[in-house]
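The chains referred to below are lettered A, B, ... by the order of the sequence lines, with proteins before strands, and numbering in each begins at 1. Computed over heavy atoms, backbone and side chain alike; hydrogens, waters and symmetry mates excluded.
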2 protein chains.
Amino acid sequence: MALDQTQSTFGIAELAREFGITTRAIRFYEDKGLLTPARDGQRRVYGSRDHVRLRLIMRGKRLGFSLDEIREMIDLYDVDPSEVSQLKLFIDKLQLRREQLRIQQEDIAETLAELDRLEAQSQDLLAQRASVRTKAAG
Amino acid sequence: MALDQTQSTFGIAELAREFGITTRAIRFYEDKGLLTPARDGQRRVYGSRDHVRLRLIMRGKRLGFSLDEIREMIDLYDVDPSEVSQLKLFIDKLQLRREQLRIQQEDIAETLAELDRLEAQSQDLLAQRASVRTKAAG
DNA sequence: GCTAACGTTTACGTTAACGTAAAGTTTGCC
DNA sequence: GGCAAACTTTACGTTAACGTAAACGTTAGC
């Protein structure tokens with residue numbers, strides 16, 4: 001077995017290690033309807049679908065979304081496209097998310113620009129200090 | 001006074017209206033050291049500096065930062081550049097923030113790409129449905 | 001057969017970020 | 001001078017997202 005085909009089942013501790021979270025958190029996400037692992041007797045067995053979902057959860061958290069929001073986003077991937085009216089609603093939801101993300105992009109761009117400015121200032125100051133010390137020592 | 005020079009003092013209710021939050025929240029931010037309004041007797045008087053800070057707070061919240069993190073970020077704007085060692089530490093902090101924001105950018109880009117994919121699929125489906133109905137009706 | 005390692009459920013505790021309510025003060029206005 | 005609007009402090013309540021602990025089951029290795 002050299003091919004290391006993407007692993008297809010996981011234990012809870014295994015997932016916890018991989019994502020750097022606790023098993024408590026993973027069970028909590030299940031309680032909140034974000035994960036739906038299979039069972040082997042009592043034990044939870046996570047498939048590749050859960051693995052993907054957990055990745056989406058962590059990404060959502062990094063973006064500051066609540067678990068409720070994250071669930072809504074994740075559910076977008078599983079939407080049932082049978083009803084046209086549902087489809088249109090679905091597309092509307094997509095637009096809302098998109099708009100929110102666009103705002104975040106702007107916020108990040110602004111912030112990065114300000115950080116750039118601050119760092120430039122600081123580097124200037126550092127250079128000045130360095131040159132002052134050099135001249136004083138020379 | 002036609003020039004509407006940027007307003008320089010604000011009441012708490014005024015700020016609350018402008019930013020779409022409650023006065024309670026504004027006082028809470030003060031408790032946490034994010035705002036430091038002047039006083040006119042008992043009453044808080046917010047200057048342009050507080051106004052700027054409140055904007056930064058709201059931006060930080062949109063990006064999912066905690067108030068502690070936001071305070072750290074805001075304090076970067078007021079850093080005292082007297083000590084070189086402090087300056088270097090300061091630059092390190094800037095780098096950390098930058099890295100975090102870069103990750104968020106990536107996360108957003110990924111998410112937007114997936115939303116694009118989902119929407120394209122949906123629009124396809126909608127178009128198919130529409131053409132089916134058109135043919136059935138024709 | 002015992003002990004780790006891994007897993008389970010149940011339940012109470014904790015922190016952040018406010019909401020909500022009570023009770024009082026100050027100010028402009030009629 | 002009385003009332004409403006805006007403000008104050010104090011304090012208890014609430015929600016999200018887990019942490020922590022207790023008490024128990026099961027499986028592999030020595």
Side-chain angles (χ1 to χ4, degrees), chain A residues 7-47 50-51 53-75 97 100 104 107, chain B residues 7-47 50-51 53-75 97 100 104 107:
Chain A
Q7 194 177 340
S8 73
T9 81
F10 309 82
I12 193 170
E14 196 176 358
L15 278 188
R17 268 193 303 273
E18 177 175 351
F19 287 97
I21 59 184
T22 65
T23 59
R24 175 66 176 94
I26 295 180
R27 294 199 191 93
F28 184 75
Y29 298 152
E30 181 179 349
D31 276 1
K32 295 293 165 178
L34 297 172
L35 297 174
T36 50
R39 298 273 174 156
D40 173 20
Q42 282 252 94
R43 300 193 146 165
R44 292 169 174 81
V45 179
Y46 298 88
D50 296 298
H51 192 270
R53 283 183 159 244
L54 197 41
R55 252 187 44 219
L56 294 177
I57 293 172
M58 299 312 286
R59 194 175 68 188
K61 297 214 69 180
R62 284 194 299 273
L63 292 177
F65 295 145
S66 71
L67 291 185
D68 274 1
E69 287 175 306
I70 292 175
R71 177 156 33 74
E72 285 181 29
M73 291 203 55
I74 289 185
D75 287 347
R97 279 302 150 198
Q100 194 177 351
Q104 283 195 321
D107 286 333
Chain B
Q7 195 177 340
S8 71
T9 80
F10 309 82
I12 191 170
E14 197 176 355
L15 278 187
R17 269 192 302 275
E18 178 176 350
F19 288 97
I21 58 183
T22 65
T23 59
R24 174 69 176 91
I26 296 180
R27 294 198 192 91
F28 184 75
Y29 299 152
E30 181 179 349
D31 275 2
K32 295 294 165 177
L34 296 173
L35 297 174
T36 51
R39 296 274 174 155
D40 172 20
Q42 283 252 93
R43 300 193 144 164
R44 292 169 174 82
V45 179
Y46 299 87
D50 296 299
H51 192 271
R53 282 181 161 246
L54 196 42
R55 254 188 42 220
L56 294 177
I57 293 172
M58 299 312 287
R59 194 175 70 188
K61 297 213 70 181
R62 286 196 298 273
L63 292 178
F65 295 147
S66 72
L67 291 184
D68 273 1
E69 287 175 306
I70 292 176
R71 178 158 32 75
E72 285 180 29
M73 291 203 55
I74 289 184
D75 287 348
R97 279 301 150 198
Q100 194 176 350
Q104 283 194 322
D107 286 332

Can you tell me how far [atom2] of [N] sits from [atom1] of [X], to the nearest Å?
X	N	atom1	atom2	result
B:F65	C:dC18	CZ	P	15 Å
B:Q42	D:dA5	CD	P	21 Å
A:R71	D:dA16	CZ	C1'	12 Å
A:L35	D:dA17	CG	P	14 Å
B:F19	C:dC18	CZ	P	14 Å
A:F28	D:dA16	CZ	C1'	7 Å
A:E30	C:dT10	CD	P	12 Å
B:K32	C:dT15	NZ	P	11 Å

Q) Between A:K61 and B:T23, who's closer to the 5' end of DNA chain D by nearest nucleotide? A) B:T23
Q | Residue whose nearest DNA chain D nucleotide is more 5′ - A:I26 or B:G11 | A | B:G11
Base, sugar-phosphate, or nothing: which does [X] touch, judged by heavy atoms less than 4.0 Å apart?
X	answer
A:Y29	sugar-phosphate
B:G41	nothing
B:T22	sugar-phosphate

Q.
If you count every heavy atom of other residues, nucleotides or ligands that lies below 6.0 Å from B:D31 atom CG, does the total exceed 12?
A. yes
**Q.** Presence of B:R44 side-chain N/O under 4.0 Å of C:dT26 phosphate oxygens OP1/OP2
**A.** no
Q | Side-chain N,O (B:R39) to OP1/OP2 (C:dT26) below 4.0 Å | A | no
For residues [X] and [Y], determine if any side-chain heavy atom of one lies less than 4.5 Å from a side-chain heavy atom of the other.
X	Y	value
A:R62	A:M58	yes
A:Q7	A:H51	no
B:L54	B:Y29	yes

With respect to the side chain of [X], which nucleotide from [options] is positioned closest?
X	options	answer
B:R24	C:dC18, C:dT8, D:dC18	C:dC18
A:A25	C:dG19, C:dT8, D:dG19	D:dG19
B:A13	D:dT9, C:dT20, D:dC7	D:dC7

Q: Decide yes or no, distance alone: a donor-acceptor N/O pair under 3.5 angstrom between the base of C:dG7 and the side-chain of A:R43.
A: no
(Q) On the side chain of A:R27, is there an atom forming a donor-acceptor pair with the base of C:dT9 - under 3.5 Å, no angle test? (A) no
Q) Only one of A:R53, A:K32, A:K61 clears side-chain contact (heavy atoms from CB on, under 4.5 Å) with A:I70; which? A) A:K61
